[in-house]
Student: 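Before I ask anything, here is the structure I am working with.
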Amino acid sequence: MNAYIEKVLEEVRVKHGNEPEFVQTVEEVFSSIEPVVDAHPEYEKFDLLGRMVEPERMFTFRVVWMDDNGNWHTNRGWRCQFNGAIGPYKGGLRFQKNVYEGVIKFLGFEQTFKNSLTGLPLGGAKGGSDFDPAGKSDAEVMRFCQSFMTALYRYIGPDIDVPAGDMGVGGREIGYLYGQYRRLKGVWENGVLTGKGLSYGGSLIRPEATGYGAVYYLQEVLAHENDTIEGKRIAISGYGNVGWGIMKKAMQLGAKVTYFAGPDGYVHDPDGVATEEKLNFILEMRAKDPMHCQPYADKFGCEFVPGEKCWGVKDVDIYMPAAMQNDVRMESAEKIAASGVKYYIEVANMPTTNDALNFLRAQKHMIVAPSKAVNAGGVGVSGLEMSQNSERLVWTAEEVDAQLKKMMKTIHDMSAEAAAEYGLGYDLVAGANIAGFKKVATAMMEQGAF
Ligand code: 2IT
């Protein structure tokens with residue numbers, strides 16, 4: 001390993017010992033960029049990597065809200081503006097009980113390289129709160145979002161920082177957040193948030209974009225292997241917004257999701273989640289609390305395996321972890337490798353631990369694709385939403401979808417080319433890291449030290 005990379009990694013391990021997810025993502029990205037850093041001794045001279053692992057700024061704020069019984073609650077909110085070298089800060093907000101600084105930083109770091117891969121001018125950011133949306137009424141969510149935005153609004157703007165959704169933040173939350181931003185600022189600046197409703201500047205296809213984009217990326221991988229998507233069976237974890245998009249696009253293209261896992265276990269539907277009725281049921285199920293997938297098995301008469309994940313099942317062609325970080329650990333990776341399934345396509349942000357990911361990459365019979373490329377269509381379409389807002393135009397679903405498809409092909413091809421350039425073969429993980437890194441590094445170098 002390059003001595004300068006080693007030195008920066010060691011500093012990160014010491015400084016962020018209590019933020020393991022952040023250390024993990026830095027180790028993952030930096031393990032790929034050695035040939036680039038070797039070729040650019042000036043990076044060390046200007047301590048480029050040391051700067052890259054330090055967020056440009058990060059806000060922590062108090063969020064106080066009242067529940068429906070008149071009791072007050074205090075949560076913590078964050079916004080991490082990680083890297084603005086290539087565009088305004090951009091990235092989602094995550095509302096989840098176990099969110100803390102380390103999660104926000106890991107997501108912000110990852111977002112920086114993902115956004116670079118989209119080819120659009122988007123810097124990297126992430127934010128969120130340890131607010132637990134489970135079981136909250138609409139009115140409680142509204143009051144929480146209003147309080148959250150009251151703390152955040154002075155730090156964001158269409159040319160400054162543009163938040164969006166992530167886990168726990170969907171169209172409803174974005175609506176309440178935007179309403180409060182507008183009330184506070186007294187301007188029509190709908191480019192300040194993405195993932196908006198269609199009635200106030202949202203983009204068609206944005207809700208589906210992450211899942212659709214993941215399937216478009218998968219198609220590029222299959223094409224590289226002289227294969228096609230027709231008839232393919234897919235096992236996924238997670239049936240939130242992203243999993244739902246994968247199910248829907250797979251159905252349209254003649255493939256099917258035959259396994260999906262939730263917090264309570266997994267469902268096996270050999271016919272696939274491949275009818276409108278089933279897809280609508282998924283939508284209903286994900287809105288329920290607690291999030292259980294067993295009702296699907298009960299309703300459609302299929303097998304439900306409680307308390308287990310579907311990693312290791314043999315009667316599929318593709319695995320797509322689409323739930324959350326560190327969903328697939330070494331134990332699951334070993335089962336996945338033993339199943340003989342060829343394609344492991346990450347979708348959720350950092351769904352695989354580093355040891356498990358490297359183990360899977362080392363399997364000769366497997367092709368592994370990294371989430372920062374595969375799920376980039378979500379933020380990519382957010383970028384298209386920003387363009388529509390600034391042009392005061394609305395693009396058709398067909399226009400957005402065509403752009404998304406093109407973007408996913410470009411991301412795949414750029415990654416494959418970057419890996420090939422450094423003699424790494426068809427290594428999509430290293431290629432995505434290298435391609436994402438290079439653009440940010442070049443922009444930072446050209447803008448001088450700060
Ligand atoms: O992880 C992600 O890329 C997102 N949650 C979407 C971010 C965005 O700004 O659309």
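What you see below is based on every heavy atom in this structure, not just the backbone, and it leaves out hydrogens, waters and symmetry mates. Both counts, for ligands and for their atoms, begin at 1 and track the order of listing.
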Student: Can you tell whether the side chains of Lys342 and Asp317 come within less than 4.0 Å, N to carboxylate O?
Tutor: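 Asp317 and Lys342: not salt-bridged.
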Student: Could you pull out all donor-acceptor pairs under 3.5 Å where a side-chain atom in residues 400-408 meets a protein atom, sequence neighbours excluded?
Tutor:
residue: Asp401; atom: OD1; partner: Tyr216; partner atom: OH; Å: 2.8
residue: Asp401; atom: OD2; partner: Tyr216; partner atom: OH; Å: 2.9

Student: If I take atom CG from residue Leu152 and atom CE from residue Met149, how far apart are they, to the nearest 0.5 angstrom?
Tutor: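 Taking CG in Leu152 and CE in Met149, the distance rounds to 5.5 Å.
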Student: To the nearest 0.5 Å, how far apart are NZ in Lys249 and CG in Leu218?
Tutor: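 CG of Leu218 is found 12.5 Å from NZ of Lys249.
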Student: Test Phe61 against Phe148 for ring-ring contact (aromatic ring centres under 6.0 Å, His included), laying out the working first.
Tutor: CA-CA 8 Å; Phe61 45 90; Phe148 186 91; 5.1 Å; yes
Student: Nearest 0.5 angstrom please: Asn98 CG to Met167 CE, how far?
Tutor: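 One gets 8.0 Å once the value is rounded to the nearest 0.5 Å.
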Student: For ligand 1, what are the residues with a heavy-atom contact below 4.0 Å?
Tutor: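 For ligand 1, the contacting residues are Lys90, Gly91, Gly92, Gln111, Lys114, Lys126, Ala164, Gly165, Asp166, Arg206, Asn349, Val379, Ser382.
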